[in-house]
Amino acid sequence: MSLQDLTEMIIELEIDDVAGAVQQQIDAGVNPQDILKALTSGMDEVGRRYETDEYFLAELVLAGDTMKAAFEVLKPHLKSGEASDKAPIVAATVKGDNHDIGKNILVSMLVSAGFEVVDLGMDCPTEKIVEAVRETGAKVVALSALLTMTMKEISNVDKALQEAGLRDGVKIIVGGAPLSLELAKELGADDYSPDAIDGVKRIKALLE
Ligand code: B12
């Protein structure tokens with residue numbers, strides 16, 4: 001059993017066996033962050049197969065569930081140090097978007113780094129995000145957008161925070177497959193990260 005086998009298990013949607021395989025890697029002393037990378041690269045291949053009509057919606061759903069089963073086992077092992085700030089972080093997947101696996105991974109990584117996180121879930125209305133920032137005094141909003149169609153919601157959150165007079169006190173960091181740092185900035189965000197591990201580092205930097 002190798003990390004490549006784990007990637008294959010995600011691609012082949014082996015939902016019944018994936019948790020045991022992750023546990024086996026952990027027991028063998030493999031770095032949990034390398035395990036996460038192997039799982040995520042399996043999801044990338046699933047996305048590619050969906051794009052080329054080798055996989056359909058049923059496979060996307062099953063791939064999501066397989067990833068979740070794997071991540072449940074991995075989650076307690078992903079530790080990335082002590083948080084420097086105790087202000088909560090507001091996290092959400094934007095309105096119209098039902099992809100929450102990446103956002104959930106980021107939230108788990110933030111919690112294990114010592115942050116308090118207000119997780120607003122997926123398909124989250126902009127008003128709910130503004131309300132949470134107002135109520136908690138959060139200094140960072142972490143948004144996930146996986147669809148080209150829902151990317152524009154980032155700019156709506158930016159505008160709504162400005163209108164509420166809250167934008168100056170809060171940084172917006174975003175992530176998700178269709179984004180890049182350039183796009184993120186165009187949409188009004190302060191920062192972008194392609195993965196959750198680097199995302200936690202960037203959030204720490206934004207708070208400094
Ligand atoms: C699983 C999946 C689904 C599942 C989601 C299950 C769930 N609960 O999340 C289901 C089946 C619901 C789904 C539905 C759809 N999907 Co889909 N899906 C995927 C798939 C295969 C994997 C996504 C995933 O979970 N990846 C694994 C996680 C770990 O990665 P991640 O989300 O990218 O997150 C990482 C980083 O991006 C980053 N990150 C993420 N968020 C954030 C936030 C911050 C602040 C930071 C710092 C970092 C960060 O950290 C994470 C960990 O490192 C992708 C393909 C892909 N490669 O992304 C398509 C994909 C996103 N889906 C796609 C499509 C088209 C759809 C549907 C429209 C299909 C349909 N015809 O109905 C619907 C839309 C539903 C909706 N309204 O949202 C397209 C989007 C194309 C586009 N550019 O718009 C993709 C890219 C597939 C493709 N290649 O065509 N999907």
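Residues take their numbers from the sequence shown, with the count starting at 1. Ligands are counted one by one from 1 in listed order, and the atoms in each one are counted from 1 as well. Keep in mind it's a predicted model, so treat the numbers as computed, not measured.
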Looking at [atom], tell me if a protein heavy atom falls under 4.0 Å from it.
| atom | value |
| --- | --- |
| atom 24 (C) of ligand 1 | yes |
| atom 61 (C) of ligand 1 | yes |
| atom 42 (C) of ligand 1 | yes |
| atom 54 (C) of ligand 1 | no |

Item to complete: Output the list of atoms in ligand 1 that are nearer than 4.0 Å to some heavy atom of A177, sorted by atom number.
Response: 58 (O)

Worksheet, complete the sentence: Per-atom filter on ligand 1: closer than 4.0 angstrom to a heavy atom of P194 are 36 (C), 37 (O), 38 (C)

Side-chain heavy atoms of [X] within contact of [Y], under 4.5 Å:
| X | Y | result |
| --- | --- | --- |
| D65 | L13 | no |
| V141 | V133 | yes |
| K37 | D34 | yes |

Discussion item. Is there a continuous path of hydrophobic side-chain contacts, each under 4.5 Å between heavy atoms, that joins L146 to V61?
Written reply: no

Under 3.5 Å between some N or O of ligand 1 and some N or O of [X]?
| X | answer |
| --- | --- |
| L60 | no |
| K103 | no |
| R48 | no |
| T40 | no |
| T148 | yes |
| S193 | no |
| G199 | no |
| A196 | yes |

Worksheet item: Counting heavy atoms only, which of L147, N104, I172 is nearest atom 80 (C) of ligand 1?
Response: L147

Discussion item. My understanding is that we take every heavy atom of each candidate and find the minimum distance to atom 51 (C) of ligand 1. Doing that for S41, G175, G47, G102, which one comes out nearest?
Written reply: G102

Worksheet item: What do you reckon, does G96 put a non-hydrogen atom under 4.0 Å from ligand 1?
Response: yes

Worksheet item: Any non-hydrogen atom of K68 lying under 4.0 Å from ligand 1?
Response: yes

Worksheet item: Hey, is V174 touching ligand 1 through its side chain, its backbone, both or neither, going by heavy atoms under 4.0 Å?
Response: backbone

Response to the item:
So for L143 against ligand 1, with non-hydrogen atoms under 4.0 Å, the contacting part is backbone

Worksheet entry | T52-E54 side chain donor-acceptor pair, cut-off 3.5 Å | yes

Practice prompt. Check for a donor-acceptor pair, side chain of T93 on one end and backbone N or O of D123 on the other, with a separation under 3.5 Å.
Written response: no

Practice prompt. Give the intermediate values and the outcome of side chain to side chain contact (heavy atoms under 4.5 Å, CB included) for residues M109 and I197.
Written response: CA-CA 7 Å; M109 304 280 296; I197 295 162; 3.5 Å; yes

Fill in: Test: D158 and R167 ion pair at under 4.0 Å
yes

Response to the item:
Looking at H99, the N, O or S atom sitting nearest atom 17 (Co) of ligand 1 is NE2

